[in-house]
J.: 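Sharing a structure here in structure tokens format.
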Number of protein chains: 2
Amino acid sequence: MTDNSANNRNHANRQRVTSYDVARHAGVSQSAVSRCFKPGASVSKKMRARVMKAAEELGYQPNAIARSLISGRSNMAAVVISQKTTLYYPEILVELSQRMSEQGVRVLLFTLEHESDIDDLLDQVLQYQVDGMIVAARLSAQQIDAIERRGLPFVFYNRSFRDRQINAVCCDQTEGERWLVNRLVNAGHRRFGIISGPEDSAVSMERTQGALERLRELGVKQVAVAEGDYSYESGAAGLLTLRAEMGRIPDAVICANDVMAIGCIDAARHQLGISVPAELSVVGFDGVGPARWSSYDLTTVRQPVGRMTEAAVSMILERVENPDLQPEKRIFSGLMVEGGSARLD
Amino acid sequence: MTDNSANNRNHANRQRVTSYDVARHAGVSQSAVSRCFKPGASVSKKMRARVMKAAEELGYQPNAIARSLISGRSNMAAVVISQKTTLYYPEILVELSQRMSEQGVRVLLFTLEHESDIDDLLDQVLQYQVDGMIVAARLSAQQIDAIERRGLPFVFYNRSFRDRQINAVCCDQTEGERWLVNRLVNAGHRRFGIISGPEDSAVSMERTQGALERLRELGVKQVAVAEGDYSYESGAAGLLTLRAEMGRIPDAVICANDVMAIGCIDAARHQLGISVPAELSVVGFDGVGPARWSSYDLTTVRQPVGRMTEAAVSMILERVENPDLQPEKRIFSGLMVEGGSARLD
DNA sequence: TTGAAAGCGATACCAC
DNA sequence: GTGGTATCGCTTTCAA
């Protein structure tokens, strides 16, 4: 009785309604159906009404995959992001997705646990025919070359490249660190500890170098550096390392991100019984949510994440439309937040 | 001199290498090229070597879009997630992406700011021909019907539906809350405040109801409820509301998530000068990172997020392979964490 | 404005 | 094992 032939097809036996089905049902040509779903097409009012009714009745949705194949545009953009970045700045992903979807572009997500996985990943990105790519991860010069060779528009998020013409949006890490150092030195701090981020993080290195440079310029001699990995635990451990290295607790600790600053404060207060900011000043960088919690009230430089993602999205979409645009770097100043975690005068 | 014809095509003028190019360059048929890139295909060693060499030389990558069109499988899964969920549990997204990509499936991201946006969004999901969908957002019965009608496999993440056969993975909220209440009542607390999540959150409602039910069973009469929205600020505000409503500070406050519990603790300590846990016990739910920070050391129920995402991924992939599998609910117990934010004996 | 027909770049099936 | 050919569902000329 029942026709089972459809089930014999080896691929998805879920029934798909195509533009042909709609055309037949509406008694028009398939091209007409296609036109009705294309924004600026020339279709008569009557035709559109008829087609839309038929589409409604059959539950038709145009197949984006087929559209991509012929039009050469997938309306998808790749977002390549490392695990750490997602964990510390979850809002980036949400905002990117939100803003791009407003422009009719979807986010295809590529996360990397270890930055080494990136070569396979780039192959994947290219296979999926994304129209563009936003990269919040470290790429080697060769990898960047490879992307450019394929002609895929891309924008770096929060990494800059001094010697390369490239699209990037970032926060001025150096400027921010210099401000923090200025304030701390002005307030009389003389013995400094720095808790850096992981060595392979360009952002962390810029922050650390920015602070070191300014300290040197101001003639501050007593400076020790401990390496962290952006985590709470490494902030706590960093303080102990610094104390061991310097013989005693420094006057101020500059952390490469807020979560480490928080770890550092907690270690000072709860492990060492040291009062922050009375006996020790701690500053961070980035301005994540918990920085504002009243237990910490961090002095930090808040990155304008919203504006940065907005910029990244508009840059990538512009370049999808017009691949020949000149490379552009957009560098935002951070917002200086004078919290209660540091004595500033 | 130069041939500009390629540039006249209205779509991406970026040159694409196709399997035909590779075939010509290797002197074999196009089908042969295709087979070489298909895992279990029967190709001679010699042929494979030749094709791979040609592909390498031309920089060929198979076009996933074209593959999807004919094979009926896009190797993409939609992840529908609300803004709040991403912010509080960023690891969900990373883990989903990681685990799915290990299985050759990419995540197409759909975020919603307001849950009302969801109808347009479902249309979008369907257009992109994803193979399956993981939903960490609230859907109405009608919306679920619509998905089922389309035959798209889907799994709910951390929402359950008592009266519906549906795929879902979640954490047993009720069980967890009952445990918290048991411990608090056993320790002698008698006056309870509850800070709930937003009214439209099913998860929050389950937690709040679970606590209320157990309190009733144990004969606890003095209970007040304040509504929060999962944010730090609303946790702080909730405590003030409870105090106003009850005439004084309760013995214990049960918060529908950890961030509100943290807000509540900070408000108690820094705004009201109340000691936690000596004068007030506070418990949360979910076990986010900051719950372990030594300033808070929350008593909470940690959701096994890793196991839950693992389960969600395997459930969805199984159902992509075999759409006729029976609906299944996988309910994980939370991990009871006895932190220092509550007096438990 | 509408319809017919030619692709987009793969896979699947069929002979050989 | 290999090569030809139909096909996936749409957009896009091109005539009518």
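Here is how names work: the chains are called A, B, and so on, in the same order as the sequence lines, proteins then strands, and each is numbered from 1. Quick note: numbers below take in every heavy atom, side chains included, and nothing from hydrogens, waters or symmetry partners.
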J.: As a test of reading the structure: which of C:dT11, D:dC10, D:dG9 is closest to the side chain of B:Leu69, going by heavy atoms?
T.: D:dG9

J.: With a 4.0 Å cut-off on N to O distance, would you call A:Arg330 and A:Glu310 a salt bridge?
T.: no

J.: Any side-chain N or O of A:Ser34 under 4.0 Å from OP1/OP2 of D:dT12?
T.: no

J.: Is A:Asp131 salt-bridged to A:Arg106, cutoff N-O under 4.0 Å?
T.: no

J.: Could you check whether B:Tyr60 gets within reach of a base, just the sugar-phosphate, or nothing at all, counting any heavy atom under 4.0 Å?
T.: sugar-phosphate

J.: Could you check how far CZ of A:Arg24 sits from P of C:dA4, rounded to whole Å?
T.: 14 Å

J.: To the side chain of A:Lys38, which of D:dG3, D:dT12, C:dA10 is closest?
T.: D:dT12

J.: Both B:Arg35 and A:Gln61 contact DNA chain D. Which one's nearest nucleotide lies toward the 5' end?
T.: B:Arg35

J.: Using whole Å, what does the distance between atom C1' of nucleotide D:dC10 and atom CG of A:Asp21 come to?
T.: 13 Å

J.: Nearest-Å distance, CD1 (A:Ile65) to P (C:dT11)?
T.: 14 Å

J.: Could you check how far CZ of B:Arg67 sits from C1' of D:dT7, rounded to whole Å?
T.: 17 Å

J.: Would you classify A:Tyr20 as touching base, sugar-phosphate or nothing, given that sugar-phosphate means primed atoms plus P, OP1 and OP2, and contacts are heavy atoms under 4.0 Å?
T.: base

J.: Counting side-chain heavy atoms from C-beta on, which of D:dG4, C:dG3, D:dC10 comes nearest to A:Ala66?
T.: D:dC10

J.: Closest to the A:Val28 side chain: C:dT11, C:dG3, D:dT12?
T.: C:dG3

J.: Please give, in whole Å, the distance from D:dG9 P to A:Leu58 CG?
T.: 14 Å

J.: Counting only side-chain nitrogens and oxygens, does B:Ser31 get under 4.0 Å of the OP1 or OP2 atom of D:dT2?
T.: no

J.: For the side chain of B:Met47, counting heavy atoms from C-beta on, which of C:dT2, C:dT11, D:dG3 is nearest?
T.: D:dG3

J.: In whole angstrom, what separates B:Arg16's CZ from C:dG7's C1'?
T.: 14 Å

J.: Side chain of A:Asn63, heavy atoms from C-beta onward: which of D:dG4, C:dA5, D:dC10 has the nearest atom to it?
T.: D:dC10

J.: Taking the side chain of A:Thr18 as heavy atoms from C-beta outward, which of C:dT2, C:dA5, D:dG9 is closest to it?
T.: D:dG9

J.: Counting the atoms with a prime plus P, OP1 and OP2 as sugar-phosphate, which does A:Val43 contact under 4.0 Å by heavy atoms, base, sugar-phosphate, or nothing?
T.: sugar-phosphate

J.: With rounding to the nearest 0.5 angstrom, report the CD1 to OH distance, A:Ile65 to B:Tyr128.
T.: 9.0 Å

J.: Check B:Gln165, B:Arg164, B:Arg319, B:Met315 against B:Pro327 for a side chain to side chain contact (heavy atoms under 4.5 Å, CB included) and give me the one that passes.
T.: B:Gln165

J.: B:Gln30 or A:Ala64: which one's nearest nucleotide on DNA chain D is closer to the 5' end?
T.: B:Gln30

J.: From the set C:dA4, C:dC8, C:dG9, return the single nucleotide nearest to any side-chain atom of B:Ile70.
T.: C:dG9

J.: Is the phosphate of D:dG1 approached by B:Ser42 (side-chain N or O, under 4.0 Å from OP1 or OP2)?
T.: yes

J.: I'd like to know if B:Arg73 pairs up with B:Glu321 as an ion pair, taking the criterion as any Lys NZ or Arg NE/NH1/NH2 lying under 4.0 Å from an Asp or Glu carboxylate oxygen.
T.: yes

J.: Verify the contact: side-chain N or O of A:Ser19 to OP1 or OP2 of D:dC10, cut-off strictly under 4.0 Å; return yes or no.
T.: yes

J.: What I want to check is whether the side chains of A:Thr85 and A:Ser82 have a donor and an acceptor closer together than 3.5 Å.
T.: yes

J.: Do B:Arg48 and D:dG1 share a donor-acceptor pair, side chain to base, under 3.5 Å?
T.: no

